[in-house]
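Let me begin by presenting the structure, written as structure tokens, before commenting on it.
Indexing begins at 1, ligand by ligand and atom by atom, following the structure's order. All residue numbers refer to positions in the sequence shown, counting from 1.
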Amino acid sequence: MKLARYLGPWFVLLLGCGTHTPPTSEAPAVAQEEFLSAARLFTPLPKVPDDPTNRYGNSTLAAELGHRLFFDPALSGNGALSCATCHSPSHGFSDPRPQSHGMGTHTRHAPTLLLSAYHHWFGWGGRADSLWSQALGPLENPIEMGGNRVAIVRHVLTDADLGSRYRAVFGEAPDSGSWPLSGLPEHGELEGLDPGWVAAWEAMPAGDRAAVDRAFANVGKALEAYERQLVPGPSGFDRYVADRVAGRDGNPGDFPEAAKRGFDLFRGKAGCVVCHSGPTFSDGEFHNTGAPEASGGEPTDPGRFQGGRLAQASRFQAGGAFSDDPQGQRAERTRLLKLGSEQWGEFKTPTLRNLLGRAPYMHQGQFETLERVIEFYDTRQGAVGASHHQEQILRPLSLTPEQRADLLAFLRSLEGTPVPQMWAQPPLR
Ligand code: HEC
Ligand code: HEC
């Protein structure tokens with residue numbers, strides 16, 4: 001055992017008598033070993049896990065098509081909105097506005113897309129079980145991009161550049177010649193759909209509707225292939241740990257002493273690790289932090305309680321006809337999902353990597369700064385939703401001002417290098 005090698009006979013002595021004052025020359029080695037074994041639960045960031053429900057997920061050609069779709073305002077109802085409107089690459093693929101505006105105003109904040117491919121539920125309430133099915137929501141949501149399925153698919157297939165890229169990735173494409181100009185099916189999830197569009201959809205032959213659905217799912221799959229590229233490079237924390245593991249000195253600025261103390265608080269007294277666990281600093285699950293409502297009133301957003309149901313009802317779910325792995329683990333997870341009232345008001349744990357450039361924070365952008373987030377966890381002042389089974393784990397922490405600063409220094413050390421420019425910038429046509 002490595003620890004024993006560092007400590008020699010002191011190891012036995014330390015365990016045996018539980019002394020609290022080990023000799024000074026040995027103590028740093030113990031601390032370092034303990035630090036490294038704890039740190040390695042969080043670093044390095046592994047490669048993006050495969051998504052078997054999308055067989056094009058790792059295709060570069062699909063990512064290049066998705067890149068173009070991500071920035072294309074022609075997919076929206078008013079020709080002016082793209083995914084990048086709310087997921088701004090210069091703002092950590094998130095939105096500087098607390099609540100997003102598209103065709104209307106959203107009740108939630110647009111979360112970062114950085115590292116979203118590591119999750120298995122998507123949206124603050126987890127209303128989708130794959131990135132590709134998630135992407136189809138905002139395209140048709142009347143308060144987001146307000147587009148419609150037939151017009152979106154026709155645009156992709158008939159635009160010279162997009163159409164040839166689509167065929168290169170997915171092979172044959174349907175002929176849109178006989179389709180109406182616009183059309184989409186009614187979904188339980190979306191309110192305010194244009195009744196004319198719904199009627200036009202219902203009047204289409206079943207075969208055409210199936211072809212549109214298939215191509216629409218492919219649009220989502222290309223967008224996912226692009227989103228899978230949105231992974232920042234190593235952070236100061238990652239570099240520091242990698243250097244120590246390799247026995248290198250490294251750059252002292254990568255992980256200052258304050259950040260190290262902050263890491264101890266993070267996994268100790270402050271208990272952040274209970275939910276912000278693993279290399280993404282998220283358990284990928286749902287919790288109620290009691291973050292106060294932006295409006296100041298009682299919470300109204302059902303969060304996971306609603307999101308889980310939508311995932312189970314989605315036409316484009318992992319277990320559905322458009323999935324490339326309908327019997328797989330993702331499909332199973334959605335099928336077996338049990339939802340009770342205790343899920344009301346729970347939201348997905350966000351990643352804590354690359355926090356600095358993507359304020360404001362939380363599902364409504366309630367907090368403008370990280371200092372405010374830490375203050376909230378510390379004091380719990382203004383916490384809401386206790387009547388809805390709020391997590392008992394969150395209690396006031398009584399941190400000193402130095403400890404708050406240390407926690408912040410730790411969060412700052414999680415800032416990775418930016419996503420490669422070729423993906424962060426709009427594509428060159
Ligand atoms: C009008 C603003 C707006 C536009 C445009 C928009 N989004 Fe979003 N996006 C949001 C909001 C708000 C949420 C949170 C929604 C929720 O919780 O259900 C979100 C959530 C997401 C998520 C979930 C991330 C996670 O980790 O859970 C993904 C992925 C995403 N959007 C991708 C896209 C893509 C792809 C497009 C373009 C097709 C797009 N968005 C267009 C506002 C927008
Ligand atoms: C009980 C689980 C849990 C614990 C413990 C927890 N968090 Fe969170 N954290 C969450 C959830 C869930 C959200 C999203 C809440 C929302 O949007 O309402 C969140 C949001 C955040 C955000 C905002 C990120 C963003 O993208 O908006 C930060 C920063 C954060 N937490 C840091 C911390 C720190 C620091 C600690 C320890 C003091 C901590 N969290 C403890 C679950 C937890």
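- Under 4.0 Å from ligand 2, the heavy atoms of Leu394 that appear belong solely to its side chain.
- Listed by atom number, the atoms of ligand 2 under 4.0 Å from Cys272 heavy atoms are 34 (C), 35 (C), 36 (C), 37 (C), 38 (C), 39 (C), 41 (C).
- Atom 8 (Fe) of ligand 2 has no N, O or S atom of Thr349 closer than 2.8 Å.
- A salt bridge links Asp378 with Arg404: the closest approach of a Lys/Arg side-chain nitrogen to an acidic carboxylate oxygen falls below 4.0 angstrom.
- Not a single heavy atom of Gln99 sits under 4.0 Å from any atom of ligand 1.
- For the atom pair His87 NE2 and Leu230 CG, the distance stands at 10.5 Å (nearest 0.5 Å).
- The proximity of Tyr361 to ligand 2, defined as any non-hydrogen pair under 4.0 Å, involves the side chain as well as the backbone.
- Looking at Asn78 and Ser76, their side chains do bring a donor and an acceptor atom within 3.5 Å of each other.
- Ranking protein heavy atoms by distance to atom 16 (C) of ligand 1, first place goes to Arg108 NH1, 3.2 Å.
- The option with the heavy atom closest to atom 18 (O) of ligand 2, from among Arg372, Gln364, His363, is His363.
- Among residues two or more places apart in sequence or in another chain, the side-chain contact (heavy atoms from CB on, under 4.5 Å) test is passed with Arg154 by Val150, Thr158, Ser176, Trp179, Leu181.
- Classified by interplanar angle (parallel below 30°, tilted 30° to 60°, perpendicular above 60°), the ring pair Phe255/Phe263 is perpendicular.
- A search for ring pair (Phe, Tyr, Trp, His ring centres under 6.0 Å) contacts involving Tyr377 returns nothing, not counting sequence neighbours.
- Interface atoms of ligand 1 facing Trp124, defined by a heavy-atom separation under 4.0 Å, are 14 (C), 16 (C), 17 (O).
- Among protein heavy atoms, atom 25 (C) of ligand 1 sits closest to Lys348 NZ, 3.2 Å.
- Close contacts of ligand 2 with Val373, meaning ligand atoms under 4.0 Å from a residue heavy atom, involve 28 (C), 29 (C), 30 (C).
- Considering backbone and side-chain N/O of Ser82, none are found under 3.5 Å from N/O of ligand 1.
- Side-chain contact between Pro279 and Pro46: present, with at least one pair of heavy atoms (C-beta onward) separated by less than 4.5 Å.
- For Gln229, the side-chain contact (heavy atoms from CB on, under 4.5 Å) criterion is met by Ala63, Trp423, not counting sequence neighbours.
- Taking a 4.0 Å cut-off on heavy atoms, Ile374 fails to register as neighbouring ligand 2.
- Look at Thr85 and you'll find every heavy atom at least 4.0 Å from all atoms of ligand 1.
- With waters neither drawn nor counted, the protein N/O/S atoms under 2.8 Å from atom 8 (Fe) of ligand 1 amount to 1.
- Residue Asp194 holds its CG atom at 8.0 Å from CG of Leu184, rounded to the nearest 0.5 Å.
- In Arg412, the CZ atom is not crowded: 12 or fewer heavy atoms of neighbouring residues, nucleotides or ligands sit closer than 6.0 Å.
- Considering backbone and side-chain N/O atoms, Arg358 comes within less than 3.5 Å of an N/O atom of ligand 2.
- Residue-level proximity to ligand 1 for Leu131 is carried by the side chain, the only part with a heavy atom below 4.0 angstrom.
- Atom CD of Gln134 and atom CZ of Phe122 lie 8.0 Å apart (nearest 0.5 Å).
- At least one N/O-N/O distance between Met362 and ligand 2 falls below 3.5 Å.
- The aromatic rings of Phe266 and His276 sit tilted, their planes meeting at an angle between 30° and 60°.
- In summary, the atoms of ligand 2 found under 4.0 Å from a heavy atom of Gly271, numbered by their order in the structure, are 5 (C).
- Using a 4.0 Å cut-off between heavy atoms, His276 contacts ligand 2 through its side chain alone, with no backbone atom that close.
- Within the cation-pi definition used here (under 6.0 Å to the ring centroid, within 45° of the axis), Arg372 does not qualify as a partner of Phe376.
- Near Ser116, meaning under 4.0 Å from any of its heavy atoms, are these atoms of ligand 1: 26 (O).
- At a cut-off of 3.5 Å, with distance as the only test, a side-chain donor of His109 or Ser94 sits close to an acceptor on the other residue.
- Listed by number with element, the atoms of ligand 2 under 4.0 angstrom from any heavy atom of Cys275 are 1 (C), 2 (C), 3 (C), 4 (C), 5 (C), 42 (C), 43 (C).
- Near Gly102, meaning under 4.0 Å from one of its heavy atoms, ligand 1 places the atoms 1 (C).
- Close approach to Leu139 involves these atoms of ligand 1, each under 4.0 Å from a residue heavy atom: 38 (C).
- If you number the atoms of ligand 1 from 1 as listed, the ones under 4.0 Å from a heavy atom of His106 come out as 12 (C).
- Atoms CH2 and OG1, from Trp132 and Thr53 in turn, are 6.0 Å apart once rounded to the nearest 0.5 Å.
- Closest protein heavy atom to atom 23 (C) of ligand 1: Gly123 N, 3.4 Å.
- Arg267 has a carboxylate O that lies under 4.0 Å from a charged side-chain N of Glu34, or vice versa, which qualifies the two as a salt bridge.
- Nearest to atom 28 (C) of ligand 2 by heavy atom, out of Leu370, Leu352, Val273, Leu408, is Leu352.
- In terms of protein heavy atoms, atom 35 (C) of ligand 1 is closest to Glu227 OE2, 3.5 Å.
- The pair Arg228-Asp51 fails the salt-bridge criterion, with no side-chain N (NZ, NE, NH1 or NH2) lying under 4.0 Å from an Asp/Glu carboxylate O.
- When each atom of ligand 1 is checked for a heavy atom of Phe122 under 4.0 Å away, the hits are 27 (O).
- Looking only at side-chain heavy atoms (C-beta outward), Trp344 and Pro299 come within less than 4.5 Å of each other.
- Residue contacts with ligand 2, taken as heavy atom pairs separated by less than 4.0 Å, do not involve Phe286 at all.
- Looking only at distances, no side-chain donor or acceptor of Asp50 sits under 3.5 Å from a matching main-chain atom of Pro52.
- Ion pair Arg68/Asp159 not flagged as a salt bridge, since none of the NZ, NE, NH1 or NH2 atoms sits closer than 4.0 Å to an Asp/Glu carboxylate oxygen.
- By the 3.5 Å distance cut-off applied to N or O atoms, Thr351 is not counted among the residues near ligand 2.
- Electrostatic pairing of Arg165 and Asp161 counts as a salt bridge here, judged by a charged N lying under 4.0 Å from a carboxylate O.
- Using a 4.0 Å cut-off to heavy atoms of His101, the atoms of ligand 1 that qualify are 1 (C).
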